[in-house]
> 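This is the structure I want to talk about, given as structure tokens.
Nothing fancy with the numbering, it's 1 onward along the sequence. Values below: every heavy atom of this structure, side chains too, minus hydrogens, waters and symmetry copies.
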Amino acid sequence: MIIAIDGPAASGKGTLARRLADHYGLRHLDTGLTYRAVAAALLARGLPLGDEAVAVATARNLDLSRLDRDVLSAHEIGEAASRIAVLPGLREELVRAQRRFAQEPPGAVLDGRDIGTVVCPDADVKLYVVASAAERARRRTQELLSKGQEADYARVLADLERRDQRDAGRSVAPLKPADDADLLDTSEMDIETAFKAAVDIVDSVHAR
């Protein structure tokens, strides 16, 4: 079984994806981390973010089983990842790797921004998870503060809105729900409520 979960940053899709993977005994891949890993490698080596050939070569050496979420969650890495995500050649390379991951038994839960539309258009279940920008900024601010990092709500909100615009406006694989995706708005939900709603959707779709 392949479950595709898409949505904007801080909508709760990552947490839901991990919970669903555990619940159904599937592997999990946060596809955003693949872009972050490439960006982190480029930054560490002082290489330009706009060089597509260098980015593609870096992506070919990625081990998708060894992506460190804590390291890759740094703000500057996220900004760099959003910039390189517009490179068509890089997207093609990473999409191939993500598809290989999804197709290995027993299946997987993948979350990102183009899973249901590009990476796994034939996924068994597709969820598009959303939440208001204000709520997403509140969650991200609380997350950063809980980790002992500095966080300013206004700046976080501005960053999220800028990233949303960039992701939705890019010419290659823009952020949008698949035509056959189920919409899940988590704005007014805590994680347990959102998880139960997601399980209900998965079970209902899978039963059909």
> What's the spacing between Thr141 OG1 and Leu157 CG if we round to 0.5 Å?
8.5 Å
> Please confirm whether the backbone N or O of Ala131 pairs with a side-chain atom of Arg136, one donor and one acceptor, at under 3.5 Å?
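At least one qualifying donor-acceptor pair exists.
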> Are Arg138 and Tyr153 in a cation-pi contact, defined as NZ or CZ under 6.0 Å from the six-membered ring centre and within 45° of the axis?
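No, Arg138 does not sit over the ring of Tyr153.
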> With a 3.5 Å distance limit and no angle check, can you tell me whether Arg27 reaches the backbone of Val109 through a side-chain donor-acceptor pair?
no
> Working note: Asp111 + Thr31, criterion side-chain contact (heavy atoms from CB on, under 4.5 Å); need CA distance, chi angles, decisive distance, verdict.
CA-CA 6 Å; Asp111 68 272; Thr31 61; 5.8 Å; no
> Is Leu110 linked to Leu64 within one hydrophobic cluster, defined over Ile, Leu, Val, Met, Phe, Trp and Tyr using a side-chain heavy-atom separation of less than 4.5 Å?
yes
> What's the shortest heavy-atom distance between Thr58 and Ala41, and which atoms?
CG2-CB, 3.6 Å
> Are Pro8 and Asp167 close enough that some pair of their side-chain heavy atoms sits under 4.5 Å apart?
no
> Side chain to side chain donor-acceptor pair (under 3.5 Å) with Arg139: which residues, sequence neighbours excluded?
Glu135, Thr186
> Side chains of Leu127 and Leu16, heavy atoms from C-beta outward: is any pair under 4.5 Å?
no
> Got more than 12 heavy atoms from elsewhere within 6.0 Å of CZ, Arg18?
yes
> Please name the pair of heavy atoms, one in Pro48 and one in Leu42, separated by the smallest distance, quoted to 0.1 Å.
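Distance-wise, the nearest heavy atoms are O-CD1, 4.3 Å.
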> Could I get the full list of side-chain contact (heavy atoms from CB on, under 4.5 Å) partners for Val205, not counting sequence neighbours?
Val125, Asp182, Ile201, Arg208
> Does the pair Val130 and Leu184 meet the rule for a side-chain contact (heavy atoms from CB on, under 4.5 Å), with working shown?
CA-CA 6 Å; Val130 298; Leu184 180 59; over 6 Å; no
> Has Glu188 got more than 12 heavy atoms of other residues, nucleotides or ligands less than 6.0 Å from its CD?
no
> List the atom of Ala123, the atom of Ala4, and the distance in Å for their closest heavy-atom pair.
CB-CB, 3.8 Å
> May I ask you to test the Pro88-Glu52 pair for a side-chain heavy-atom distance under 4.5 Å?
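Yes - at least one pair of side-chain heavy atoms lies under 4.5 Å apart.
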> Measuring from atom CG of Leu67 to atom CG of Leu72, what distance do you get when rounded to the nearest 0.5 angstrom?
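It is 6.5 Å, given to the nearest 0.5 Å.
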> Give the intermediate values and the outcome of side-chain contact (heavy atoms from CB on, under 4.5 Å) for residues Arg155 and His75.
CA-CA 12 Å; Arg155 181 184 175 190; His75 175 76; 3.7 Å; yes
> Please report the closest heavy-atom contact between Ile77 and Ala40, naming both atoms and the distance.
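Distance-wise, the nearest heavy atoms are CD1-CB, 3.9 Å.
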> Under 4.5 Å between side-chain heavy atoms, hopping through other hydrophobics if needed: is there a path connecting Val86 to Val118?
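No, it is not one cluster - the side chains of Val86 and Val118 are not joined through contacts under 4.5 Å.
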> Quick check for you: to the nearest 0.5 Å, what is the distance between Ile5 atom CD1 and Ser11 atom OG?
9.5 Å
> Would you call Arg140 and Asp159 a salt bridge, taking side-chain N to carboxylate O under 4.0 Å as the test?
no
> With rounding to the nearest 0.5 angstrom, report the CG to CG distance, Leu62 to Leu94.
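Leu62 CG to Leu94 CG: 6.5 Å, rounded to 0.5 Å.
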> Kindly determine whether Asp6 and Lys126 satisfy salt bridge (charged side-chain N to carboxylate O under 4.0 Å, His left out), including the steps that lead there.
CA-CA 8 Å; Asp6 293 303; Lys126 299 177 185 178; over 6 Å; no
> Tell me, which pairs form a ring pair (Phe, Tyr, Trp, His ring centres under 6.0 Å) where one or both residues lie in residues 28-64, sequence neighbours left out?
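Qualifying pairs, neighbours excluded: none.
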> Rounded to the nearest 0.5 Å, what's the gap from CG on Leu29 to OG1 on Thr34? Could you check?
6.5 Å
> Could you point out which residue of Arg99, Arg100, Arg60 forms a salt bridge (charged side-chain N to carboxylate O under 4.0 Å, His left out) with Glu93?
Arg60
> Between Ser146 and Glu143 (side chain of the first, backbone of the second, donor and acceptor by atom type, cut-off under 3.5 Å), is there such a pair?
yes
> Regarding Lys176 and Asp114, does a basic nitrogen lie under 4.0 Å from an acidic carboxylate oxygen?
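Salt bridge absent between Lys176 and Asp114.
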> Would you say His206 has more than 12 foreign heavy atoms packed within less than 6.0 Å of its NE2?
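No, not enclosed.
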> What pair of heavy atoms forms the shortest contact from Pro174 to Ala168, and how long is it?
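For Pro174 and Ala168, the tightest heavy-atom pair comes out as CB-O, 3.4 Å.
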> So which heavy atom on Gly12 is nearest to which on Val129, and how close?
C-CG1, 4.5 Å
> Is it the case that one hydrophobic cluster holds both Val119 and Ile3, taking links as side-chain heavy atoms less than 4.5 Å apart, direct or via other members?
no
> Would you indicate whether the side-chain heavy atoms of Arg163 and Arg113 approach each other to under 4.5 Å?
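In short, these two side chains touch, coming nearer than 4.5 Å.
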> Would Leu144 and Ile191 show up in the same hydrophobic cluster when neighbours are defined by side-chain heavy atoms closer than 4.5 Å?
no
> Are Gln103 and Cys120 packed together at the side-chain level, in the sense that at least one heavy-atom pair is separated by less than 4.5 angstrom?
no
> Please tell me whether Asp203 and Tyr24 have a donor and an acceptor in their side chains that are separated by less than 3.5 angstrom.
yes
> Does Ile115 share a hydrophobic cluster with Leu33, counting links as ILVMFWY side-chain heavy atoms below 4.5 Å and allowing steps through other members?
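Yes, because Ile115 and Leu33 connect within a single hydrophobic cluster, where side-chain heavy atoms sit under 4.5 Å apart.
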> What distance do Glu92 atom CD and Leu87 atom CG have between them, rounded to the nearest 0.5 Å?
11.0 Å
> Decide, yes or no, whether a salt bridge links Glu79 with Arg166 under the criterion of side-chain N to carboxylate O below 4.0 Å.
yes
> Could you point out which residue of Arg36, Lys13, Arg69 forms a side chain to side chain donor-acceptor pair (under 3.5 Å) with Asp30?
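Checked Arg36, Lys13, Arg69 against Asp30; only one passes side chain to side chain donor-acceptor pair (under 3.5 Å): Arg69.
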> Under a plain distance cut-off of 3.5 Å, with no hydrogens placed, do Thr193 and Asp190 share a side-chain donor-acceptor pair?
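Short answer, yes.
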> Please step through side-chain contact (heavy atoms from CB on, under 4.5 Å) for the pair Phe195 and Met189, ending with a clear verdict.
CA-CA 9 Å; Phe195 173 65; Met189 296 180 181; over 6 Å; no
> Can a salt bridge be assigned to the pair Glu192 and Lys196 using a cut-off of 4.0 Å between side-chain N and carboxylate O?
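Answer for the salt bridge query: no.
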